[in-house]
Amino acid sequence: MNSGKNKPAPAGAAESAPARFDVIVVGGGPAGLAATFTLARAGVSVACLERGSWSGSKNMMGGVIYSHPTSRVFPQFWREAPLERHVTRRDMWFATTDSAIKASFESADFGVEPYNSFTVYRARFDKWLAAQATAAGAWMITETLVEDLLREDGRVAGIRSGRPQGDLEADVVIIAEGVNSFLTERAGLASCPPQAANVALAVKEVLALPKEKIEDRFDLEPGAGAAIEIIGEITGGLPGTGFIYTNRDTISIGVGVLLNSLVDNVTEAYTILDKFKQQPQLRRLIQGASPREYSAHLIPEGGYRCMPQLYGDGVLVAGDAAGMVNPINSEGANLALLSGQMAAETVLACRQQGRFDRAALALYQRRLERSVVIQDLKKYENATPFLASHPQLFGLYPELMAALAREFLTVDNLSKANKEKLLLKLFRSQVPARRLLKDLYDAWRSLT
Amino acid sequence: MPINSVVCIKQVPDTSQVRIDPETGSLVRQGIPSVANPYDLYALETALSIRDRHGGFITALSMGPPQAEEVLRKTLGYGADRAVLLSDRAFAGADTLATTYALAAAVEKIAAGSLVANIGSGKGVDIVFCGKQSIDGDTGQVGPGLARRLSFSQLTYVCSLLEVDLKAMRVKAWRQREDGRELLQAQMPVAVTVTEQCSSIRYASLPGLIAAAKKPVEVWSAADLNVERGRLGLKGSPTRVSKIFAPPARQRGEALSGPGKSAGEMAASLFDRLADRGLKIGRRGG
Amino acid sequence: MKKAARRSGGDGGDGEVWVVVEHEGPDVAPVSWELIGEARALAKELGVRAAAVIIGAGGRELAGPAFSRGAAAAYLVSGPKLDPYSSDPHCQALVGLAARHKPQIILLGATTRGRDLASAAATELETGLTADCTALSIDPEKKLLLQTRPAFGGNVMATIITPNHQPQMATVRPGVFPPPEPVPGDGGDIIASRPRLKTTAVSVKQLEFIPDSGNEISLQGAKVIVAGGRGLKAARNFALLEELACELGGAVAASRAAVDAGWISAQRQVGQTGQTVRPVLYFAMGISGAVQHLAGMQASDIVVAVNNDPEAPIFEVADYGIVGDLFAVTPTLIEEVKRRKASAGGNGGALRIETGTQK
Ligand SMILES: Cc1cc2nc3c(=O)[nH]c(=O)nc-3n(C[C@H](O)[C@H](O)[C@H](O)COP(=O)(O)OP(=O)(O)OC[C@H]3O[C@@H](n4cnc5c(N)ncnc54)[C@H](O)[C@@H]3O)c2cc1C
Ligand SMILES: Cc1cc2nc3c(=O)[nH]c(=O)nc-3n(C[C@H](O)[C@H](O)[C@H](O)COP(=O)(O)OP(=O)(O)OC[C@H]3O[C@@H](n4cnc5c(N)ncnc54)[C@H](O)[C@@H]3O)c2cc1C
Ligand SMILES: Nc1ncnc2c1ncn2[C@@H]1O[C@H](COP(=O)(O)O)[C@@H](O)[C@H]1O
């Protein structure tokens, strides 16, 4: 039936194609596209290989991107890029299955240029990034899975794709293939073996809701958006968080849970999401919204400790492939963009000496270390192990906080003084004081 | 001797995601990814495999909004030699009659150009390929319409194109019918519509893709074609959509099981009811 | 009332409602009779007569059956190039006939042949053609034909009109209208012609025909789909569904739960994240009926559900529900099909879809 498969196209079709490139970028996400765009704009011949049918087609995230780092790579991007809403309100909820304590921050200057952050729909945003790269002169090659690296005298000399006549050579390969990077391992750069303890599984649904309804329910100015992070019993007590972001006429709702805890508890991520959506305060926000799309994605949460070696002979690693995600808020797109740009700038600098060996490319590491990328990652290096070993943060504490709040706010025939006593008793019975103090101290050390 | 063919490619929304908004009653298409109509890729593969055997030249042709360029770029990656997009406000809102009018004019222009450039068999265009139908409109009317407008032979629902005899200017193809397959022989030039039983599209080579990444997609407007504007787009379309609505929701039906009913009884009553509704077990034509 | 319509007769008045009868010798595609029944109703509303158009040899024998199903006239077109069916001569014949007699509506079955002919003829007549209709009616004010059809894979219904062109043409999906009971003895006008067809360079010749034995069937084309879910318990149990599907000439599909469990390939998944299908008959075996699954199969004509949980939501959308263990029910279904096949004679074909599958 499929006799057409795997037949190479006739050679005639390939006439004018360049046989090699200066740089090959693997992966057309934020990291790869920042690198590709920066190189192409500098006049370097660069091909970006992406496995999806277009950049963004397989990508998902919450997702919020920040103006400052993004505009460093794509100046004034907000004027043209397909953005959903500028975020003027960020909430943090501590939620139980039926109640929530909400902390909210709102700022007027988030609502004016250059704005602070935006919600984006990756399928559209990445596509736009790719169009910028193409316009700058890059070769965007989609639907092409890179399967291996080519080597020559021990150095990386190109890539091997799954396509017929699929080898392609270059001076440098930038690995930007996202989480669980296989090529990083193939290049001998990985430091931690891939492990369920170091990745979170995020599942997300996009729900359609008319613009006005979104603005009404989330109490937003027209065009403005909200980002809500939720912690608590809603993840079934597993270490993880939930989120809701408002897009133009959709809502992204999802949960991310450490993969090993899912395995240990034999739970499917989308069952957690289904439960999550039943939480009454959340249900109100998404009521009547119709499901548009469903996706799942991994997030590297190993942090600084699990970062691979970032450079080798003829090769650099950027973005999620390098584990560059801040595990506290799962924000990686910024770090991806910045690291991609720095990888490109490193290549540009090395081109002047015509050297792409380890020693020359080590410049990348030094640049990153001077930047927020590694400084932030170092700061939170203990966060994931801390969160994983303190399940009470996701179950008991939010539960208690809610219980305290409920008691405090319920008016019945107890006097306030008696109430306080009762609350203290309730609290002590659940959490020994020493344990609470220790958790707070550890949290302070690893999260701040 | 080489063959000059045109493959018609339509850009369609992923229809499984298109819905009627129950509140506004309008069509929800926004944000839904567009793809090449899947049947058109079988058509393209059929054209490519003929070019593999006989040589020749393939033009991918599409009519649609500027974004349809993406779909055409894919066809270049698969190995089409040239891609032409008809894009102009004047084409918008076309039903199948107005679509075939514009596409036929484009095929004629391609044919005239290929005579000058001495491409293909020197007959202009030898074969026009279409998918058996598009997954959004689902009509299957464009292929036969093109055949009539161009005065080409018409071969619909082709499930395998066997051979092209360039001396006799004939093709042989199997055509799928409800009750079987028929082997047909048609005089070229011919318009062929292709089903999913043909080979699926090949995996393009990496050099092919790289070459395609920067090949231009030519965009033609109405002014580039020899057409009367009044016969294009909505103006040239005899049909009008007077209403769209969501398909009626299903109702709970009949419970065949019940206390004391054996599995055999349930099975018998099921097939009795199906037979009452015209689904009979047995031979055709009885 | 039929007489009144016939009186306007003679050589066929303008504005009739035509049905092109699809036939191979004496064998008529059932949809053609269904359409004559419907054409008669439409014609009555318009105050004109319904007529059958029979192109190719054997027309005389079919005129009677056409009258008995509601046609008031039969146009018989015969000639050397008209047998077996071929697009160009049939198109020329129909276009010539329509140009002469000016019907206001022409209906054909939405079969591979009906679509082939209708598209070609509508192009020559420069008129509108609505494909694959599932409902027809007459606008009481403007007297236009309202043609309703599914679009976007069945997720949307659209009503289409052809306001300023004649004839209004449509192909109609087989099985949506009930076949009219033949009333023997009803007669009608016969208008026979032997047109001179242009000899053109375009020619298509049939060399061979091989009737189907029906092996590999895609979900999109399948008339019958037997789908299994988590209730199947294991990959090997899909063999049971395959047997039923095979007996009925259908294809096997699955819910996402079954696909996720690795029991069957993802290409067979029906639903929001799988395929949208619309067979005539859909069996849901051990499928709970989650909305995401329903999204892909709700457009099926008839749904049969087998589930051991009487509360399963699939029963909300099933035409026929069997509460029971699928491992007990499926084998009896297979037995029953075999038994009926045997009594129908020979090793007879699969499920024969005649008509009237609409509720
Ligand atoms: C649910 C969720 C919510 C998130 N929310 C936020 C947020 O709000 N803000 C934020 O800043 N970050 C967020 N992130 C993280 C952010 O999405 C990532 O850090 C960021 O996308 C990393 O960019 P990247 O370019 O390194 O990798 P990716 O975006 O994963 O891109 C990698 C690309 O490479 C392609 N690819 C992979 N392998 C190959 C191969 N072998 N050959 C060819 N192509 C290949 C992939 O298809 C993909 O397009 C979130 C992530 C998730 C999952
Ligand atoms: C965003 C999203 C998209 C999705 N997309 C799809 C999709 O495209 N397609 C899809 O199918 N699902 C999809 N799902 C999953 C969907 O929600 C359901 O989980 C899935 O359809 C359940 O499959 P099931 O009915 O086979 O399994 P279950 O829900 O587990 O049901 C099994 C059924 O079998 C019955 N049963 C068990 N044993 C027997 C027996 N011996 N005899 C008779 N009956 C028995 C049980 O009573 C039960 O009703 C999606 C989910 C999400 C969140
Ligand atoms: N706008 C269009 N551009 C190019 N080809 C088209 C277009 N519309 C239809 N076709 C072709 O005609 C076939 C049948 O389409 P349809 O008649 O819409 O079902 C498709 O499979 C395409 O090959």
Side-chain angles (χ1 to χ4, degrees), chain B residues 15-16 18-20 27 95 100 135-136 138-141 144-145 148-149 151-157 177-187 196 238-245 247 250 252-257 263-264 266-268 270-271 273 277-285, chain C residues 27 87 111-112 115-116 119-120 123-124 127-129 131-132 152-153 155-163 165 201-212 218 276 298-299 316-324 328-329 332-333 336-337 340-341 344 348-349 351-357:
Chain B
T15 53
S16 62
V18 177
R19 293 254 128 68
I20 295 277
L27 204 61
D95 69 1
T100 57
I135 58 169
D136 56 348
D138 245 358
T139 78
Q141 287 167 191
R148 292 316 291 186
R149 289 199 185 274
S151 299
F152 281 21
S153 306
Q154 171 175 334
L155 281 182
T156 51
Y157 304 97
R177 308 186 350 191
E178 285 80 2
D179 54 349
R181 293 176 169 206
E182 58 189 348
L183 180 62
L184 300 175
Q185 175 182 293
Q187 202 64 41
E196 69 283 7
T239 61
R240 288 282 178 280
V241 176
S242 80
K243 191 171 86 174
I244 54 169
F245 54 100
R250 301 192 74 91
R252 192 187 183 100
E254 184 188 357
L256 298 182
S257 47
M266 288 189 268
L270 173 65
F271 285 104
R273 281 165 178 70
R277 290 173 70 170
L279 300 178
K280 297 199 175 133
I281 311 288
R283 268 203 291 223
R284 186 186 153 89
Chain C
D27 286 340
S87 319
T111 57
T112 52
R115 283 174 156 216
D116 186 269
S119 323
T123 309
E124 290 292 327
T127 189
L129 171 61
D132 214 18
F152 296 103
N155 292 324
V156 171
M157 301 297 292
T159 301
I160 314 259
I161 50 173
T162 308
H165 291 67
V202 301
S203 90
V204 179
K205 208 164 85 188
Q206 193 195 59
L207 304 179
E208 203 181 330
F209 173 67
I210 303 178
D212 250 350
S218 81
T276 302
Q298 256 168 333
E316 298 295 330
V317 301
D319 296 89
Y320 303 107
I322 296 180
V323 179
V329 175
T332 48
L333 294 179
E336 184 67 21
V337 176
R340 285 175 191 240
K341 275 188 180 176
L351 187 71
R352 181 158 48 99
I353 295 163
E354 277 188 339
T355 46
T357 49

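Each chain gets a letter, A, B and so on, in the order its sequence line appears, and its residues count up from 1. Any value given below was found using the heavy atoms of this structure, including those in side chains, with hydrogens, waters and symmetry copies removed.
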Exercise. Under 6.0 Å from the six-membered ring centre of B:Tyr157 and within 45° of its axis: does the NZ or CZ of C:Arg115 meet both?
Worked result: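 Not satisfied by the 6.0 Å and 45° rule.
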Exercise. Do you know which of B:Leu155, B:Leu256, B:Asp95 has the most heavy-atom pairs under 4.5 Å to chain C?
Worked result: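 Sorted descending by pairs with chain C, the first entry is B:Leu256.
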Problem set entry | Winner by heavy-atom pair count (cut-off under 4.5 Å) against chain C, out of B:Arg149, B:Glu182, B:Met266 | B:Glu182
For this session: Would you please name every residue forming a side chain to side chain contact (heavy atoms under 4.5 Å, CB included) with C:Ser87, sequence neighbours left out?
Result: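 Listed in chain order: B:Gln154, C:Tyr85, C:Asp116.
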Exercise. Checking heavy atoms, do the side chain of C:Ala120, its backbone, both or neither come under 4.5 Å from chain B?
Worked result: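 It is both, since atoms from each part get that close.
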Taking [X] for the side chain and [Y] for the main chain, is one N or O donor matched with an acceptor at less than 3.5 Å?
{"X": "C:Glu336", "Y": "B:Phe271", "answer": "no"}
{"X": "B:Arg250", "Y": "C:Gln298", "answer": "yes"}
{"X": "B:Ser153", "Y": "B:Gln187", "answer": "yes"}

For this session: Select one option (side chain, backbone, both, neither) describing which atoms of B:Leu270 are under 4.5 Å from chain C's heavy atoms.
Result: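 Answer is side chain: those atoms of B:Leu270 sit under 4.5 Å from chain C.
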Exercise. In terms of heavy-atom pairs under 4.5 Å, which option from C:Ile322, C:Thr162, C:Leu333, C:Ile161 contacts chain B the most?
Worked result: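 Answer, by heavy-atom pair count under 4.5 Å with chain B: C:Ile161.
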